[in-house]
Protein chains: 2
Amino acid sequence: MVSSSGTESRRVTIHDVARSAGVSRQTVSRALNDKDEIDGATKQRVLDAARELGYRPSRFARGLVRQDTTTIGLVIPDLLNPFFTEVAAAALEAARARGWHVVVYDTADRAEEEFGTLQVIASQVDAVVGYFSCSEQDLERFTRGLPVVLIGREHHTGRFSSIRIDGEEGVHTAVAHLVAAGHRHIGMLDHDGRAEPSVRREWFATAAAAHGIAADRVVGAPQSADGGGTALRKLLGTHPEVTAVFTFNDIIAIGALREARRLGRSVPEDLAVVGFDGLQLGTLVEPPLSSVALDTRRLGALAIDQVARLLTGLEPLGADDLVVRAQLRLGGSA
Amino acid sequence: MVSSSGTESRRVTIHDVARSAGVSRQTVSRALNDKDEIDGATKQRVLDAARELGYRPSRFARGLVRQDTTTIGLVIPDLLNPFFTEVAAAALEAARARGWHVVVYDTADRAEEEFGTLQVIASQVDAVVGYFSCSEQDLERFTRGLPVVLIGREHHTGRFSSIRIDGEEGVHTAVAHLVAAGHRHIGMLDHDGRAEPSVRREWFATAAAAHGIAADRVVGAPQSADGGGTALRKLLGTHPEVTAVFTFNDIIAIGALREARRLGRSVPEDLAVVGFDGLQLGTLVEPPLSSVALDTRRLGALAIDQVARLLTGLEPLGADDLVVRAQLRLGGSA
DNA sequence: AACGCTCACGTGAACGCTCACGGGACCAGA
DNA sequence: TCTGGTCCCGTGAGCGTTCACGTGAGCGTT
């Protein structure tokens, strides 16, 4: 009745159930998998015994003999960040089209978690795709033998592939748009997560330089709407002349939008805002967010496609094909 | 050099690599798993051979012998819906605390996908938790032997458990709040997905009845912000007297909020809006959304906890404990 | 009475890998 | 030369399940 909770617990196998029900393994298998060639009464007896013993089949043994589908592991920093869920949804969709599984992990935006996640994932999936901030050496160490596709991160060595996010042109267009609207003092709310300035900031800097305006009005912001809000206040505090801001991403932009309203600045008249990512979320706020938009569906599909090539031994896509370009999409905030 | 792409593809096993490198299985295993007791040159030779043949270890075989961790499958209708990602994030967090894995699937909000997902999931995980709209009979059929925890769905038979979402009191409070603010004509934007009216609509009806007001001003809305917008327009078209709306969830509420602004109705003065779910997203819009809020973290944790009990044979929680109550949280929209 | 068929069930084998051993080659010291 | 140790490497076994068979009982047919 009570499942034996001995001090240590050897696994309950199909054999135990068979013995308990007085039949053979195969008959147990038949009962559990709802196959023919089994008497109704016997089946019930087996099912009861299985429940009694708390038996649950080993998915490994089953998968081993049934040659089951491939599973790819998707690692993202934060499931609560809509950008990553959009990517994840895209990857899921692309994987489903191939009949594959996707295991989603988030690393809670902490680098330490990446190791644990990788270690744990390595024996569970056939390939890994995702965002990582750890070194390639560490990646190499924890993903022994698995194909790996990196997103939004340069350089790939050995069996790694990486999908590059190219926002240079998009950011250039965005700055051009702001300048054309008469803005001369454009600030930026960067992501303060990593130590070095972000690539997006560099894009901003070169775009600004191309238009002959300064790009030194930059404030770091945490990865959240609240963070964007406080960062905007800080920026406007030190640089009151700013009339437009470009942000690291849409989350921060939305926070800035909200904060602008609280400060009594109307958007886009008193303050123009341009985000990055092009989240669906940006269309929900008022005014709808202008953003340098990324095609997340393509991003996910591309990642899965590359994984497929690596897995099947086809010729993998080269760096030139593994690019997703971001384009300015106007809402009303700029 | 080129991985043999024969017309059919038998799997490349550790044995093939061993033969190709002129060593034994065990030595291959040693090389791949970075163990000691292997010569550097040999190791390199094996690694090369493995790469050459496109070998990748079977995670099933490995898991079988290493008795790997438990994995639970989380099935949600839509990853792009922030509510489900909040639940998913909570479940991931709770599972991580136990050292478990979570496989996330979405069913693209289509009932047909549920079967495919279940069928595919059943051999991959040790337990299933999630949202399902299919019959328990179908669930039973596809999840043979696995513990199942249902969310937001009544009734549980056999090995099923279900976590009940109890919004009755919260909705009652919400309606009371609206009535106290002087509203007499309150409409509702329901979810039109399923055939029968939703439970939330029933809560609304009883709450309205308790306050002596009508609850017949109901319009169905698709599960999206746009859907909420058009539904609101439709509602106001047929019932212009409405001064407050309660919505099936926050997504719809946010759409209604946006539409209200477009119709020139200011919120909450001309139209009060109360959502359901209590998404973080609701705090980003203007005015911040009032909502009958659910504790999604508790929801996820509860689900994982119950799975743990079912898996380890502990006494499972009873129906009375498997409840998450929703409470009114005021923003500014009502 | 012999045959053939169906039904219900059991028996090796195999899936691909790792673990616990065992053993040969080689070198040093007595 | 013998012993003992270290360094590599290979061999059998086993993980838990399903598949392809084999088998015997029971029945009806000729």
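Note that the structure is predicted; figures quoted are calculated from it, not measured. In what follows, chains carry the letters A, B, and so on, assigned in the order in which the sequence lines appear, proteins first and then strands, with residues in each chain numbered from 1.
If you take CD1 of Ile14(A) and C1' of dG16(D), they are 8 Å apart, rounded to a whole angstrom. Leu64(A) has its CG atom 7 Å from the P atom of dG16(C), to the nearest Å. In this structure, Arg19(B) places its CZ atom 16 Å from C1' of dG10(D), rounding to the nearest Å. The separation between Leu32(A) atom CG and dT18(D) atom P is 8 Å, rounded to whole Å. Distance, Arg56(B) CZ to dC15(C) P: 17 Å, rounded to whole Å. Straight-line distance from the OH atom of Tyr55(A) to the C1' atom of dT17(D): 7 Å, rounded to whole Å. Going from atom CZ of Arg11(A) over to atom C1' of dG14(D) covers 15 Å, rounded to whole Å. When rounded to the nearest whole Å, the span between CG of Asp36(A) and P of dC9(C) equals 12 Å.
Using a 4.0 Å heavy-atom distance criterion, Asn33(B) is classed as a sugar-phosphate-only contact.
Residue-to-nucleotide contacts include a donor-acceptor pair under 3.5 Å from the side chain of Arg25(A) to the base of dG12(C).
Using Watson-Crick or G-U wobble geometry with both donor-acceptor distances under 3.5 Å, dG16(C) finds its partner in dC15(D). Summarising the base pairing, dG10(D) is matched to dC21(C) through a Watson-Crick or G-U wobble pair whose two defining distances lie under 3.5 Å.
Partners of Arg19(A) according to the salt bridge (Lys or Arg N to Asp or Glu O under 4.0 Å) rule, which considers only residues two or more places apart in sequence or in another chain, are Asp16(A).
Between Lys43(A) and Asp34(A) there is a side-chain heavy-atom pair separated by less than 4.5 Å. Considering only heavy atoms from C-beta on, Leu139(B) comes within 4.5 Å of Leu150(B) through its side chain.
Ion pair Arg30(A)/Asp39(A) not flagged as a salt bridge, since none of the NZ, NE, NH1 or NH2 atoms sits closer than 4.0 Å to an Asp/Glu carboxylate oxygen. Looking at Arg98(A) and Asp305(A), a side-chain N of the basic residue comes within less than 4.0 Å of a carboxylate O on the acidic one, giving a salt bridge.
In this structure, Ser58(B) does not reach the dC17(C) phosphate: none of its side-chain N or O atoms is under 4.0 Å from OP1 or OP2. Within the structure, a side-chain polar atom (N or O) of Arg62(A) is placed less than 4.0 Å from OP1 or OP2 of dT18(D). At the phosphate of dT18(C), neither OP1 nor OP2 sits under 4.0 Å from any side-chain N or O atom of Lys35(B).
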Please walk me through it: do Arg45(B) and Val23(B) pass side chain to side chain contact (heavy atoms under 4.5 Å, CB included)? CA-CA 10 Å; Arg45(B) 188 155 41 93; Val23(B) 295; 4.2 Å; yes
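With 3.5 Å as the limit, one finds no donor-acceptor pair spanning the side chains of Arg309(A) and Ser161(A).
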Write out a two-atom table: protein N or O, nucleotide N or O from nucleotides 7-9 of chain D, distance below 3.5 Å.
residue : atom : partner  : partner atom : Å
dC9(D)  : OP1  : Thr42(B) : OG1          : 2.6
dC9(D)  : OP2  : Asp39(B) : N            : 2.9
dC9(D)  : N4   : Glu37(B) : OE1          : 2.9

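Comparing dT11(C), dT11(D), dT17(D) against the side chain of Gln26(B) picks out dT11(D) as the nearest.
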